[in-house]
**Q** 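Sharing a structure with you now.
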Protein chains: 2
Amino acid sequence: MNEQGGRGFIRIPKATFRAHIVDGLRSAILKGEISPGAQVTESSLAEQFGVSRGPLREAMRQLIDEGLLVTIPYTGTHVVELSVDDVREIYSMRVNLEIFAFELVWEKRDEAFRQGLLSRQAELTRCIDSSDDVASIDAELQLHGFIYEVSGHKILQKTWESIRGRLQLYWAAHHRAHGIRGPRRDGHDSYVANALGESLDVMRTEIRAHMARGGQQTEDFLLSSNAGKLERSDVQARATR
Amino acid sequence: MNEQGGRGFIRIPKATFRAHIVDGLRSAILKGEISPGAQVTESSLAEQFGVSRGPLREAMRQLIDEGLLVTIPYTGTHVVELSVDDVREIYSMRVNLEIFAFELVWEKRDEAFRQGLLSRQAELTRCIDSSDDVASIDAELQLHGFIYEVSGHKILQKTWESIRGRLQLYWAAHHRAHGIRGPRRDGHDSYVANALGESLDVMRTEIRAHMARGGQQTEDFLLSSNAGKLERSDVQARATR
DNA sequence: TGCTCATCGATTGTCAACAATCAATCACAG
DNA sequence: CTGTGATTGATTGTTGACAATCGATGAGCA
């Protein structure tokens, strides 16, 4: 894990240390600098971030809430491990949430919506064409997240954010394991086309198909890479939020 | 998980102060002992619960995440205020979540499911008949929550829990303001009947109608009781999570 | 060998004091 | 009287030290 040279005396990092640490730690987890299953201790992280255990503790608590960390009282805290069931749940939930978001947005689609969707699609295409896998993961999340933003539904948005982290974690692990990640560009082309199309029912079908493809691919990866890790379920069973 | 018989007499969960405080504080908020909009300070609560500010702070952070508290850095923390938009969002989200839950459960409905649903309906009816409004709120939440439990979908369950608190807060405030709360018993009778019925589509319609009734009732209450409270939006605009 | 139990190191949980920030107040000049 | 800037009290943010708990280790013994 790389320490960014000393600790810059840049005041006003974020209104509070906690928010700053949350971003840094989450980023480190999603970038794979701390691999799934690895233990993270408050003391070492506090030293790395140059703060005391207090704010760091609260930051970890938030990441536990986001489902990126798992903790066992008085014992230890680990980066969450991949689970096939979790991935199934995430994708089935995504189908549900994204259809709901489109139902909210459908009648309010305007030129700005069209532009926003197309620009994000273009960015995603660019990242795929240049084989920048890490950036393409982010671009894909930006594309899908756009719908939730436009919906203006705060609870829906927060729910999306609560699963986005784990989704990104799965994708990032998938990328590191398989070298190439390869999201289906034509899949997103038809996704965007239908999102701008005439029929909401067609879009519903598109979302289900879109998620089925992505979910299946991720499941296959997990089944192959997770064989023989039985202690994980044991850890999760005893874990508390 | 079964408790090992060895020394399993440690009755109190007492695992951590934080969990205990979260329950106590949330209960106090939902019971109205701290009214919406009231300020809660860490020091006074710490003294009240007989603990230091550390664990209490983490407990508050969790309730902030649950949407029961709102905090402004370095300034203060308040019990969240009712907002018409929030209620709209909660109810629209509930329609979505509960339909999803029934889609998951529908094919797996068995005798245990039927029994669980009927017993909770009976409990709700009993509370309504005895005019125990506070208990009927809890009973209604138990009835609806049962669906999410049975679904076995952890993310869906957590999402439901993340809005349940605010829903309960609204209902409790409604009850205190109007004296009588009066959930529609026949509404729940048809709800349960359709939940045990043959057609999933009918159940979808039932859920939409059920939420429309409850949502409209709560909205009317908020519009009448919240007139002239404009500074609230100001507070929420500056609040951070 | 195989089992029990005390011990030890590691990690999280808790505490009380100190620092930073904000909002209200008040003196004061125009 | 009105607006403005310093002051002050209140509240959250941060810190380092101390306590409680857990899992592993190894000694002791049948």
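FYI, side chains are in, hydrogens and waters are out, and symmetry mates aren't considered; it's all heavy atoms of this structure.
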**Q** Mind checking what makes side-chain hydrogen bond (donor to acceptor under 3.5 Å, both in side chains) contact with A:S162, not counting sequence neighbours?
**A** none
**Q** Could you state the atom-to-atom distance from CZ of A:R61 to C1' of C:dT11 in whole Å?
**A** 13 Å
**Q** Measure from CG on B:L56 to C1' on D:dG13 and round the result to the nearest Å.
**A** 14 Å
**Q** For the pair made of CD in B:E47 and P in D:dT11, what is the distance, rounded to whole Å?
**A** 13 Å
**Q** What integer distance in Å separates B:L69:CG from D:dT12:P?
**A** 11 Å
**Q** Just list the side-chain donor-acceptor pairs under 3.5 Å for residues 26-37 of chain B, sequence neighbours left out, or say none.
**A**
residue : atom : partner : partner atom : Å
B:R26   : NH1  : B:E66   : OE1          : 2.7
B:R26   : NH1  : B:E66   : OE2          : 2.7
B:R26   : NH2  : B:D23   : OD1          : 3.0

**Q** Write down the protein N/O and nucleotide N/O pairs, taken from nucleotides 14-16 of chain C, whose separation is under 3.5 Å; answer none if there are no such pairs.
**A**
residue : atom : partner : partner atom : Å
C:dT14  : OP1  : B:F17   : N            : 2.5
C:dT14  : OP2  : B:T16   : OG1          : 3.3
C:dC15  : OP2  : B:S52   : N            : 2.8

**Q** Which residue pairs satisfy the salt bridge (Lys or Arg N to Asp or Glu O under 4.0 Å) criterion with at least one member in residues 93-102 of chain A, sequence neighbours excluded?
**A** A:R94-A:E98
**Q** Under 4.0 Å between a side-chain N/O of B:S43 and OP1 or OP2 of D:dA10, yes or no?
**A** no
**Q** Starting at NE2 of A:H20 and ending at C1' of D:dG13, how long is that distance when rounded to a whole Å?
**A** 16 Å
**Q** Atom CD of B:E42 and atom P of C:dA17: how far apart are they, to the nearest Å?
**A** 16 Å
**Q** Could you tell me which residues satisfy ring pair (Phe, Tyr, Trp, His ring centres under 6.0 Å) with B:H20, sequence neighbours excluded, listed by chain and number?
**A** none
**Q** Quick one: list whatever passes ring pair (Phe, Tyr, Trp, His ring centres under 6.0 Å) with B:F113, sequence neighbours left out.
**A** B:F146
